[in-house]
Amino acid sequence: MRIPLFRCTARCMAAGVLIVGLSQFGAGQDVSASLLLPDAPTNSRELEPSPFVSSSQPVTRPETSMKHRFWDRENSALFAATAAFSAADFVVTRDNLRSGGQEFNPVARIMTGSTAALAANFAGETAGVIGISYFFHRTRHYRLERAVSMLDIGGSASAVTFGLLHR
């Protein structure tokens, strides 16, 4: 019995790379042109040039309202769910391996000979998710910070579901 963790992990990683790439593409944009241009004139007298030149004010980027602490309620819940699904994935994978199944993930396949090594693999996965989320938090990519946990939860949930259906 095979567990398709590699395919799921590859899909999750590809989605993460796509999300990061798109966020970096949009991060290069500064203040939109609509903020820089004045309102359109309403009558013909406003079209005439003014004899006085006024100095322009520097345009500042508005503060984002999404700033939050890293260990807020939502991140804590996401990290708890990540740990819970990783633990469930560990249990289902270990049970399938004991009954003659095979691991699809080539990285985890190295650690299938020992229960402790397999547990360390899934604990490392959870720690890695928290570390990547913290990196996105420090670089002010707040949506990606939460998306990493959600992608990992989805990958682990699909692996658990597949493992339970193919016992």
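We use all heavy atoms of the structure for the numbers below, so side chains are in, but hydrogens, waters and symmetry mates are not. When a residue number appears, it is its place in the shown sequence, counting from 1.
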Can you hop from Ile130 to Val148 via hydrophobic side chains spaced under 4.5 Å? no
Does Ile110 have any side-chain contact (heavy atoms from CB on, under 4.5 Å) partners at least two apart in sequence or in another chain, and if so, which? none
When you measure from the side chain of Ser99 to the backbone of Asn96, do you find a donor-acceptor pair of N or O atoms at a distance under 3.5 Å? yes
Report yes if the side chains of [X] and [Y] come closer than 4.5 Å at any heavy-atom pair, otherwise no.
X: Tyr142; Y: Arg140; answer: yes
X: Tyr134; Y: Glu145; answer: no
X: His137; Y: His68; answer: yes

Basic-acidic side-chain contact under 4.0 Å: Arg146, Asp72: yes
Sorted by chain and number, sequence neighbours left out, ring-ring contact (aromatic ring centres under 6.0 Å, His included) with Phe135 holds for none
Residues forming a ring-ring contact (aromatic ring centres under 6.0 Å, His included) with Phe79, sequence neighbours excluded: Phe70, Trp71
State the CD1-OG distance between Ile132 and Ser149, to the nearest 0.5 angstrom. 9.5 Å
Between atom OG1 of Thr93 and atom CD of Gln102, what is the distance when rounded to the nearest 0.5 Å? 13.0 Å
Output the rest of the hydrophobic cluster of Ile153: all Ile, Leu, Val, Met, Phe, Trp and Tyr residues reachable through side-chain heavy-atom contacts under 4.5 Å, sorted by chain and number. Leu78, Phe85, Met150
Could you check Leu97, Val91, Val92 and say which one makes a side chain to side chain contact (heavy atoms under 4.5 Å, CB included) with Arg94? Val91
Side-chain donor/acceptor pairs under 3.5 Å, residues 115-126, sequence neighbours excluded:
unit_1, atom_1, unit_2, atom_2, d
Glu125, OE2, Ser156, OG, 3.4
Thr126, OG1, Ser86, OG, 3.2
Thr126, OG1, Phe122, O, 3.2

Hey, what's the ring geometry for Phe104 with Phe162, parallel, tilted or perpendicular (30° and 60° as the breaks)? tilted
Taking all atoms of both residues into account, what is the closest heavy-atom pair of Arg167 and Asp95, and its distance? NH2-OD2, 3.7 Å
Sequence-distant partners of Ser76, side chain to side chain donor-acceptor pair (under 3.5 Å), two or more places apart: none
